[in-house]
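Okay, structure first, notes after.
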Amino acid sequence: MDKKIIIYQIFTRLFGNRNVTRKVNGSVAENGVGKMNDFTPTVLRHIHDMGVTHVWYTGVIRHASQTDYSSFGIPKQSPAVVKGVAGSPYAIADYYDIDPDLAENVNSRMEEFEELVDRTHKAGMKVIIDFVPNHVAREYKSVKKPTGVKDLGQDDDKTMNFSQQNNFYYTGMPIDLSGVTAARNQDPEKPYVETPAKATGNDRFDNRPGDNDWYETVKLNYGIDYCNGRGRSYHFDPIPNTWAKMTDILLFWASKGVDGFRCDMAEMVPASFWSYATGIVKNRYPEIDFIGEVYDGNQYRTFISSGFDYLYDKVGMYDAVRAVIRGERPAASITYQWQTVGDIAGHMLYFLENHDEQRIASDFFCGDGNKAIPGVIVSALLMRNPFMFYAGQEFGERGMDAEGFSGRDGRTTIFDYWSLDSLIHGYYDRRHMPKEEKALALKYQQILRIANREKAIFEGDFFDLMYVNPASYQFNPRFNFAFLRKAGSDVILVVANFSGDRMNVKVNIPDHAFDYLGLPETTVVAIDLLTGEEQTVELTRNGQFPADLRPYSGRIFKFTIMKDDTDYVFNEHNKDEFPPAHTAEHLLNQVMIRLFGCKRSTNAHVERKKSKISYVLDHKPTRQEEKAIEQMMNEMIQADMPVTFETVDIDNLPEGVDRSRLPKDASQKIRLVRIGDFDVCPCIGKHVRSTAQIGRFELLGTNWDEATHTFRVRFKVVQ
């Protein structure tokens, strides 16, 4: 593995919707809907720039909805058994079809999905979709199943409550929806009819579901008889009919280029089925990942042994970190959560938001997305396992709208047609994006890039420091959490501060950490990967590592344990340069490379008031080309790209860094400065944290030396 898995969950029909009508219980015509085509290469590049490796497109398979697409040959659903106008994405109406809401051309919806998969792959990310194995919509009917495939329930014996070869369970009685509010408002002349009634998706085996049930769904039969009067009995030989049909559905989507499945309520389906299905799918598609929504910690190891690559760690790590953020538990309690699943830690999926959970910034969680930053740092960097975040989380989306069926509950609706300003600003109109959202997104980007670029994080060893850091005036385990990561000669010390107060702490590093990680006693220069700040520390057994912690933040100190620990200073910059102009120099180098195909400048004089920089070009730039330099510079500045730092071995320089330009006495470790994915350059000078902080770039004048083909640029940055 060459990077950590970072999953970005997207509720697809909300993401690209820029209609701001937002009528409560509004129709698709009134409130609009996002499309698959909204994920342009530019949007996908921005997502990838966040550090994302996998995109989970939630709700792409056709599900029950009150929107009428019958003119396209899609069966109309009864509103009595649909939650919300748009419907739940977990009430699947056709496993072989794409939701028509998401298509620009409904008749080409599958082709548009295939194009989305291709664009996502070209953007450097993998695709995850939902697989909903436990239940389907009450009016499930496939109109897109491949030739020769029999529909679910097509051959069921409906006179039997349970049969091993039935796909559904039957109650023997007509459906009674008197306990369902939505059904009370149905047209009395066209009532919903289901005879005999099927068992409801949340294991309700009578014919009378209520509002608190998954009344819009029916449960699939995997060969377990729940109603035989003697408890459950299992009938897995011969293979139940449902097993084969559901495995074929997985293979169908894998053939479309899907890279993984997030399996809804996986624990409600027998582990024996998962062993059967994952074995078949992975035999044909070895790289496919299975992610299971499992809440029973006692079953974690069973499902991992059944073929799951990763499982939700909701009842463990999520609940713990949420409580720490809210001040309900001490930060030290996080240690117990990873220890509980220590032997399978690499299989646990950490997250702080998803479509089921309340938004961090909601009044129901902590009211401010910034307060969760230490939780993001810990969750993303603690182990090698994946981290997931939900679209809008990085902007502090509050989820406090009362959209309709969803209500005001601190969650973003999955039942209604709606749009989110945070996503509109973040991906389609950054000019109107509030500064607070930009600042929060930058923090996420920095943390997640560190997670999948630092070898010590994505494949390194881990050492929890909490047991040797009890409460003292130098460390408060109620608010502070600290741990080490190490790979090769690179060591990262992470110290998080869940408090609203600034803290100066001293982290004890015990003798055992030196032995376990193979650390020498030495003097190190530690760089905070979040700020670029450096500090020199004596690394000694049972010694202390000082850290100045800002409120709701953390430090991610990286240092090398090699004897030669000196940094290389590129182009002889000094650390007292004006950060905006210094960062503009990096940006200008890359702009000139892209516009003229030249090399980086080797002659620069950068100052606060005015700067000069020279390039060797093959021709004298025209006035139009000079204007293009200024225009492109300001476009890149306004793109507000993050400026991040990392230290790499000289033998592993990334693409774009010319090793031949390094001096002969360059140190083994090189500090790189990245501007988004636009530029990377060795340097230890001071920089701004994002390009918007540069200000406005003004081209003051140019000079051309015909003899040497040297183009001299004079510029300044206006704050």
Side-chain angles (χ1 to χ4, degrees), residues 320-321 324 329-340 342-343 345 374 377-384 450 454-457 459-499 501-531 533-550 553-567 647 668-669:
V321 176
V324 174
R329 295 190 199 177
S333 65
I334 293 171
T335 295
Y336 174 78
Q337 301 306 327
W338 73 256
Q339 288 178 335
T340 301
D343 60 316
I377 290 172
V378 172
S379 299
L381 307 182
L382 188 72
M383 297 282 183
R384 303 174 185 173
I450 290 168
E454 292 293 340
K455 192 173 183 179
I457 300 299
E459 70 174 37
D461 294 323
F462 162 76
F463 192 94
D464 193 320
L465 294 169
M466 296 304 291
Y467 81 99
V468 289
N469 284 279
S472 70
Y473 73 95
Q474 296 177 327
F475 193 91
N476 189 340
R478 178 161 189 80
F479 300 112
N480 304 141
F481 193 83
F483 56 92
L484 289 165
R485 302 297 308 276
K486 176 182 177 291
S489 61
D490 290 337
V491 183
I492 291 179
L493 169 65
V494 179
V495 191
N497 178 22
F498 288 87
S499 165
D501 298 322
R502 189 165 185 166
M503 293 184 168
N504 284 292
V505 305
K506 291 184 178 179
V507 182
N508 293 316
I509 302 181
D511 189 77
H512 182 45
F514 281 77
D515 293 336
Y516 181 77
L517 298 175
L519 304 178
E521 291 188 291
T522 185
T523 300
V524 299
V525 177
I527 301 174
D528 180 4
L529 297 178
L530 293 175
T531 65
E533 298 171 2
E534 297 181 0
Q535 64 185 58
T536 302
V537 179
E538 292 293 328
L539 196 63
T540 59
R541 290 175 178 266
N542 300 311
Q544 295 180 320
F545 198 113
D548 177 14
L549 303 175
R550 295 178 178 86
S553 69
R555 293 283 193 176
I556 306 172
F557 291 113
K558 180 178 180 180
F559 55 90
T560 179
I561 55 174
M562 296 179 66
K563 291 183 179 180
D564 181 9
D565 190 34
T566 58
D567 282 302
T647 304
Q668 188 65 26
K669 289 294 178 177

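Predicted model, so just to flag it, every value in this text is computed and none were measured.
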What I'd like to find out is whether the side chain of [X] reaches to under 4.5 Å of the side chain of [Y], using heavy atoms alone.
X      : Y      : answer
Val505 : Val495 : yes
Lys455 : Asp490 : no
Asp461 : Arg384 : yes
Val537 : Phe557 : no
Arg550 : Leu530 : no
Asp464 : Phe481 : yes

### Task
Let me see the working for Arg555 and Asp528 under salt bridge (Lys or Arg N to Asp or Glu O under 4.0 Å), right down to the final yes or no.
CA-CA 6 Å; Arg555 293 283 193 176; Asp528 180 4; 2.7 Å; yes
Identify the two heavy atoms, one from [X] and one from [Y], that lie closest to each other, and give their separation to 0.1 Å.
X      : Y      : result
Asn542 : Pro510 : OD1-CA, 3.4 Å
Val324 : Ser333 : CG2-OG, 3.9 Å
Val378 : Ala496 : CG2-CB, 3.8 Å
Glu454 : Lys558 : OE1-NZ, 2.7 Å
Arg485 : Ile457 : NH2-O, 2.8 Å
Pro477 : Met466 : CB-CE, 3.9 Å

Kindly compute the distance separating [atom1] ([X]) from [atom2] ([Y]), expressed to the nearest 0.5 Å.
X      : Y      : atom1 : atom2 : result
Lys506 : Tyr473 : NZ    : OH    : 6.0 Å
Asn508 : Leu465 : CG    : CG    : 8.5 Å
Phe462 : Leu382 : CZ    : CG    : 4.5 Å
Leu484 : Phe514 : CG    : CZ    : 8.5 Å
Ile509 : Phe463 : CD1   : CZ    : 9.5 Å
Ile556 : Ile377 : CD1   : CD1   : 5.0 Å

### Query
Yes or no on side chain to side chain contact (heavy atoms under 4.5 Å, CB included) for Arg329 and Tyr336, after CA distance, side-chain angles and deciding distance?
CA-CA 12 Å; Arg329 295 190 199 177; Tyr336 174 78; over 6 Å; no
#### Entry: Steps toward side chain to side chain contact (heavy atoms under 4.5 Å, CB included) verdict (Ile492, Leu529)
CA-CA 9 Å; Ile492 291 179; Leu529 297 178; 4.3 Å; yes
### For Ser472, all residues meeting side chain to side chain contact (heavy atoms under 4.5 Å, CB included), sequence neighbours excluded
Gln474, Phe475
### Task
Using modelled atom types only, decide if a donor and an acceptor are shared between the side chain of Glu538 and the backbone of Gly543 within a distance under 3.5 Å.
no
### Query
Is Lys486 reaching over with its side chain to a backbone N or O of Gly488, donor-acceptor style, under 3.5 angstrom?
yes
### Query
Listed by chain and number, what are the side-chain hydrogen bond (donor to acceptor under 3.5 Å, both in side chains) partners of Arg502, not counting sequence neighbours?
Asp548
### Query
For Phe483 and Trp338, what are the C-alpha separation, side-chain angles and deciding distance, and is it a side chain to side chain contact (heavy atoms under 4.5 Å, CB included)?
CA-CA 12 Å; Phe483 56 92; Trp338 73 256; over 6 Å; no
#### Entry: Full working for side chain to side chain contact (heavy atoms under 4.5 Å, CB included) between Phe479 and Asn497
CA-CA 6 Å; Phe479 300 112; Asn497 178 22; 4.2 Å; yes
